[in-house]
Amino acid sequence: MEKTQLRRQLANIRQSLFDQGFLDEQFVQLEELQDDANPNFVEEIVTLYYRDSSRLIVSIEQALQKSPLDFNKLDALMHQFKGSSSSIGAKKVKAECTQLREYCRAGSGEGCLRTFQQLKKEYTTLRKKLEAYFQLARQAGPIDSACRPK
């Protein structure tokens, strides 16, 4: 496939990530920091996010298995996870973090468990989509500059 076609396909995938609500403006801001000196900056940041957040997910799972639930500890973990997710523009993941924190404040273990399952689903879906996006981006080569989603 020629580079022009790859770049067009890449732009379409990128736009769909915004249109489907997976990413927000923060992702664009990360892209704006990428330059010739660090052409893989965004991919590196996202890779670090997934490496670090996978540890957080394990901690959250462990906290959810405790009886009784320590809602303060769980809320603190979710606060950290929400901040990390916000930093890469993971819009749906961040929304699930917000919801789970609300259940922590309400003392709803059932709500926490249900929302955590949805959070993991959104987290995994975004990861797969971003992996495919970055794989195609490597094939397409560097692009001129970041642009705002339509």
Side-chain angles (χ1 to χ4, degrees), residues 7-35 38-140 142-143 145-150:
R7 287 195 178 115
R8 193 174 312 122
Q9 185 179 358
L10 186 65
N12 290 339
I13 291 171
R14 181 184 177 278
Q15 186 62 47
S16 75
L17 290 170
F18 287 95
D19 292 346
Q20 295 171 21
F22 286 105
L23 296 175
D24 65 20
E25 178 68 19
Q26 183 60 34
F27 189 82
V28 176
Q29 291 178 12
L30 283 177
E31 288 179 319
E32 289 172 347
L33 296 173
Q34 188 163 287
D35 58 19
N38 199 349
N40 300 319
F41 177 75
V42 177
E43 184 175 5
E44 290 169 9
I45 295 297
V46 169
T47 299
L48 287 171
Y49 162 77
Y50 276 103
R51 188 191 70 204
D52 293 344
S53 61
S54 64
R55 287 186 220 132
L56 261 178
I57 284 181
V58 169
S59 296
I60 294 164
E61 285 174 333
Q62 290 170 347
L64 284 167
Q65 291 171 0
K66 298 264 195 269
S67 185
L69 286 179
D70 182 345
F71 290 108
N72 290 329
K73 179 178 181 176
L74 190 54
D75 185 55
L77 290 168
M78 291 314 304
H79 176 73
Q80 188 178 354
F81 193 50
K82 180 181 174 186
S84 297
S85 300
S86 294
S87 72
I88 68 155
K91 187 176 180 180
K92 286 186 177 185
V93 174
K94 183 175 84 173
E96 293 300 329
C97 289
T98 299
Q99 182 65 53
L100 204 149
R101 291 190 73 202
E102 288 174 15
Y103 282 124
C104 284
R105 291 185 192 116
S108 171
E110 184 180 313
C112 288
L113 288 167
R114 188 176 56 247
T115 303
F116 185 63
Q117 294 309 311
Q118 183 63 32
L119 183 151
K120 287 196 306 185
K121 180 181 165 201
E122 297 297 350
Y123 173 87
T124 302
T125 300
L126 179 61
R127 182 179 200 153
K128 288 176 183 170
K129 288 179 178 287
L130 286 174
E131 285 171 352
Y133 173 77
F134 289 126
Q135 182 178 358
L136 188 61
R138 286 189 298 274
Q139 292 172 9
I143 54 173
S145 64
C147 59
R148 303 270 177 226
K150 296 175 187 165

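Atoms considered below: every heavy atom in the structure, side chains included; atoms not considered: hydrogens, waters and symmetry mates.
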Subject >> Validation row, ring centre F71 to ring centre Y103 under 6.0 Å >> reply: no

**OP:** Would you indicate whether the side-chain heavy atoms of E43 and T47 approach each other to under 4.5 Å?
**Re:** yes

Subject >> Min side-chain heavy-atom separation F27-F22 under 4.5 Å >> reply: no

Original post:
Which distance, rounded to the nearest 0.5 Å, do you find between the CG of L113 and the OG1 of T115?
Top reply: 9.0 Å

Original post:
Can you tell if the side chain of R55 reaches within under 4.5 Å of the side chain of V58, non-hydrogen atoms only?
Top reply: no

**OP:** Walk me through it: do N38 and L33 pass the test side chain to side chain contact (heavy atoms under 4.5 Å, CB included)?
**Re:** CA-CA 9 Å; N38 199 349; L33 296 173; over 6 Å; no

Subject >> Smallest separation among heavy atoms of V93 and S85, with atom names >> reply: CG1-OG, 3.3 Å

Subject >> From F81 atom CZ to R101 atom CZ, the distance as rounded to the nearest 0.5 Å >> reply: 13.0 Å

Subject >> Backbone of A90 reached by a side-chain donor or acceptor of Y123 within 3.5 Å >> reply: no

**OP:** Only one of Q99, Q26, K82 passes side-chain contact (heavy atoms from CB on, under 4.5 Å) with K94; say which it is.
**Re:** K82

**OP:** Could you tell me which non-hydrogen atom of F18 sits nearest to which non-hydrogen atom of D24, and how far apart they are?
**Re:** CE2-O, 3.2 Å

Subject >> Separation of R105 CZ from L74 CG (nearest 0.5 Å) >> reply: 11.0 Å

Subject >> Distance-only polar pair, side chains of Q15 and D19, donor-acceptor under 3.5 Å >> reply: yes

Original post:
Do the non-hydrogen side-chain atoms of Y133 and K129 ever get within less than 4.5 Å of each other?
Top reply: no

**OP:** Indicate yes or no: at least one non-hydrogen side-chain atom of F134 is less than 4.5 angstrom from one of N40.
**Re:** no

**OP:** Identify the heavy atoms of A140 and L10 that sit nearest to each other, and give their distance.
**Re:** CB-CD2, 4.3 Å

Original post:
Got L30 and Q34 here, is their nearest side-chain heavy-atom distance under 4.5 Å?
Top reply: no

Original post:
Can you tell me how far the CD atom of Q80 sits from the CG atom of L56, to the nearest 0.5 Å?
Top reply: 4.5 Å

Original post:
Got a sec: does the NZ of K120 have more than 12 other heavy atoms crowding it under 6.0 Å?
Top reply: yes

**OP:** Show your working on side chain to side chain contact (heavy atoms under 4.5 Å, CB included) between E44 and L48 and close with a plain yes or no.
**Re:** CA-CA 6 Å; E44 290 169 9; L48 287 171; 5.5 Å; no

**OP:** Compute whether any side-chain donor of one residue and acceptor of the other, for Q118 and E122, lie under 3.5 angstrom apart.
**Re:** yes

Original post:
How many angstroms lie between NZ in K92 and CG in L126, if you round to the nearest 0.5 Å?
Top reply: 9.5 Å

Subject >> Atom pair SG (C112) and CD1 (I60), whose distance is rounded to the nearest 0.5 Å >> reply: 10.5 Å

Original post:
Would you say the side chain of F116 lies within less than 4.5 Å of the side chain of E61, judging by non-hydrogen atoms?
Top reply: yes

**OP:** Would you check if R14 and E31 make a side-chain contact, meaning some heavy-atom pair closer than 4.5 Å?
**Re:** yes

Subject >> Heavy-atom closest contact (L69 atom, A63 atom, distance) >> reply: CD2-O, 3.3 Å

